[in-house]
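A quick write-up on the structure given underneath.
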Amino acid sequence: MGGTTRRIITLLTDFGLSDPFVGIMKGVILGINPHVALVDLCHSGKAYDPAEAAWLLITSYRYFPDGTIHIAVVDPGVGGPRRPILVTRDDHLFIGPDNGLLAPLAAKAGSTVRTITATRYFLQPVSATFHGRDIFAPVAGHLSLGAEPDEYGEPIDDYVRLALPRPTQSGISSIRGEILHIDRFGNLVTNIARVDLECLTTEGSPAAYVVSAAGLEIPVVAYYGQVAPAALGAVIGSAGYLEIFVNQGDASRLLGIGRGSEVVAGRKDAETARL
Amino acid sequence: MGGTTRRIITLLTDFGLSDPFVGIMKGVILGINPHVALVDLCHSGKAYDPAEAAWLLITSYRYFPDGTIHIAVVDPGVGGPRRPILVTRDDHLFIGPDNGLLAPLAAKAGSTVRTITATRYFLQPVSATFHGRDIFAPVAGHLSLGAEPDEYGEPIDDYVRLALPRPTQSGISSIRGEILHIDRFGNLVTNIARVDLECLTTEGSPAAYVVSAAGLEIPVVAYYGQVAPAALGAVIGSAGYLEIFVNQGDASRLLGIGRGSEVVAGRKDAETARL
Amino acid sequence: MGGTTRRIITLLTDFGLSDPFVGIMKGVILGINPHVALVDLCHSGKAYDPAEAAWLLITSYRYFPDGTIHIAVVDPGVGGPRRPILVTRDDHLFIGPDNGLLAPLAAKAGSTVRTITATRYFLQPVSATFHGRDIFAPVAGHLSLGAEPDEYGEPIDDYVRLALPRPTQSGISSIRGEILHIDRFGNLVTNIARVDLECLTTEGSPAAYVVSAAGLEIPVVAYYGQVAPAALGAVIGSAGYLEIFVNQGDASRLLGIGRGSEVVAGRKDAETARL
């Protein structure tokens, strides 16, 4: 995968962009491979949530071409005993701390997880607070030059598990999920996937469903503009998950609910509103 | 324009940078053309204002070299009947929704507007909520490889118009404008251009003018430091428009006015303060 | 340094990313050298502090490869008499306003400071409010093509000095420093360097030290996770300076102190807590 093709390295961190942390990581990478394409996936303003970062990564990586290297650093345990790991899934490579952040990616058959032990690729001395700079960035830089994953460490099976919450059956015609992510528009993205809804009825139309959240019954529509401005709706969002929105407004603020709050989706003809 | 020259694609959105939306668009583009240079123009934290985004784009694009492709996505109508369009102006290409955002660019003679109908370039299936990823990014990627605009769709003339507000004559020696944009320093950028002021008097000095806003008379100066720290002034800003500032402070917060608020500029010797 | 190697240009500004200022600078640079790698070092949301920006730059630049060009624009005096300058240090080049921002870099033996007088490289006309676009970006672009610094102006010695505050001896076994920077996690980064601590005792262990700030005695540890979640600690941070943190929390908010606040570090066995 090295050689003539231009490799891509993405960065997902909770470092924000007002400190030089992300820029420094890019400097380290470009010092190793000046021809790589660097892409900021996102740099959250909210710290310390590996589960949300895992969800953002697993719903985003597939839009990058094969061979892309993804660095993910949400790492409150930096400097302690947690290991750096390298996950391969499909033809993508993922680098980050062994704290659950990369675990959902490893769940797919054919994926491998390695502990990164090849300290010869690390920046020396390795600091106790910034492994993004000292371990993850230089390892990614060297990987982008064409090195094989097995040069970085042995496969392991005892990596830290983190299961993204799955919806549960809540009745014969409804399922109970939760809010996984609030996006910058205030849309409430749930863990209820399109396929989960399709198990409830064979009718494909959004109008066949209804959603309950914060004590309200919310219509499911095909796109934002199908409800009036400032009105509530739910839609299958771009990552394939049901999300609650306010047309040209902020659903998170209007409903006063957030990450972890319960959402029930059901068949409209089954009067799920009583749930 | 393809081939040996490195093409540039800029991105202007209201997606912010804490979600992976912009990063995903870049992944789609680099999967099509890994050698393109990607530049974030801006990603506003305030959603849903095509008019302000149009102003930011029209005052920025000319600083990029000919052949640059600009993607602009401020798109509350995503998924509905609004069309994707491709505008050519000078030697620049602009891609975005047909909601007025690109209309001021099309006003220049020689510009063309096309509806993008070449679905073979789209990511399939096209989602109802993220055309930045499914339509605008892949179209830009393919354009950067050298495809001609007429491969993407037919010229149209019924695109959605959006006229940026123009100042009006308010007296024999003054004009009435409004605030178009508040920048990150709290500077209040108006729609009164340098040339509008020059119509009021042949004297070129800033000191020949005075500005009224929020009930205050504000001196026009050549640069920020010509008023004392924490004092109010007005200056011709970098985009060529009159802007009200507080030296090392925040004019928006001090005056308590914002987008759409009225500003009057006039000749100082005509006592415009009484306006 | 030009020719076949891909040059890097970094940008540090207080422009934020919701305005197109940084994007426009990149457009100007890519119009001159489309093959350069552009890296955002940081774009602070807090305006007008050349001293903090100087500290961020001097602790970051060394992670970029030799030949990197760094643009730094924190520039409340833009448009006034302050000069644009070009600093060379090690094999790095720095471009910015002569307001102290680049002065700490020039303190190293072998560094040179030049006033940039080669107006032929400037965008014309030069605005009074945006020298990032009109002077610093095009000068960096041309430098990245291989031009020598002496083509841009004469060496000067009367540049504006700005000394980063240094800690002072506060007792036979303690030193008094101050907070230089609050990072996005709320960590309070001080000006007390690892080497300053090492002068207090020959024992290398963090446990040999204690820190006093905001009336509290704070343990020094090797990494964040050595104190309980929500507990206070101090650690040698990634730039080599002592920083006060709350494990998975925000020290700035908890202690209610900030930039300029006093911090005392001492040998634990000398009962520095009484300081």
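Residue numbers start from 1 in every chain, and the chains themselves are labelled A, B, ... in the order their sequence lines are given, proteins ahead of strands.
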- Show your reasoning for whether side-chain contact (heavy atoms from CB on, under 4.5 Å) applies to Leu30(A) and Val39(C). CA-CA 10 Å; Leu30(A) 291 169; Val39(C) 177; 3.4 Å; yes
- At their closest point, which heavy atom of Pro65(C) faces which heavy atom of Gly27(A), and how far apart are they?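 So the minimum-distance heavy-atom pair works out to CD-O, 3.7 Å.
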- Message: If I compare all heavy atoms of Arg6(C) with all of Pro34(A), which pair ends up nearest, and what's the gap?
- Response: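 Shortest heavy-atom separation between Arg6(C) and Pro34(A) comes out as NH1-O, 2.8 Å.
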Check each atom of [X] against the heavy atoms of chain A and say whether the ones under 4.5 Å are side chain, backbone, both or neither.
X	value
Ile236(C)	backbone
Asp183(C)	both
Ala37(C)	side chain
Leu41(C)	both
Ser60(C)	both

- Query: Take atom CZ in Arg253(A); do more than 12 heavy atoms of anything else shown fall under 6.0 Å from it?
  - Reply: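 It does not: Arg253(A) CZ has 12 such atoms or fewer within range.
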- CD (Glu154(A)) with more than 12 external heavy atoms under 6.0 Å: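 For Glu154(A), atom CD is not crowded (no more than 12 foreign heavy atoms under 6.0 Å).
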- Task: For the residue pair Phe185(C) and Phe21(A), categorise the inter-ring angle as parallel (less than 30°), tilted (30 to 60°) or perpendicular (more than 60°).
- Result: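 Ring orientation of Phe185(C) relative to Phe21(A): tilted.
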Contact check, side chains of [X] and [Y], non-hydrogen atoms, under 4.5 Å:
X	Y	result
Phe245(C)	Thr129(A)	no
Ser18(A)	Cys42(C)	no
Ser238(C)	Arg133(A)	yes

- Does Asp19(A) use its side chain to pair, donor to acceptor, with the backbone of Arg184(C) at less than 3.5 Å?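 Here the side-chain-to-backbone pair exists.
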- Query: Side chain, backbone, both or neither: which part of Ile29(A) has a heavy atom under 4.5 Å from chain C?
  - Reply: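 When you check distances to chain C, no heavy atom of Ile29(A) falls under 4.5 Å.
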- Query: Can Tyr223(C) and Val78(A) be said to form a side-chain contact (heavy atoms from CB on, under 4.5 Å), step by step?
  - Reply: CA-CA 7 Å; Tyr223(C) 60 92; Val78(A) 61; over 6 Å; no
- Could you state the interatomic distance from NZ (Lys26(A)) to CZ (Phe64(C)), rounded to the nearest 0.5 Å?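 So the gap between those two atoms works out to 9.0 Å.
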- Item | Spacing of His43(A) atom NE2 and Asp40(C) atom CG [to the nearest 0.5 Å] |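 His43(A) atom NE2 to Asp40(C) atom CG measures 9.5 Å (nearest 0.5 Å).
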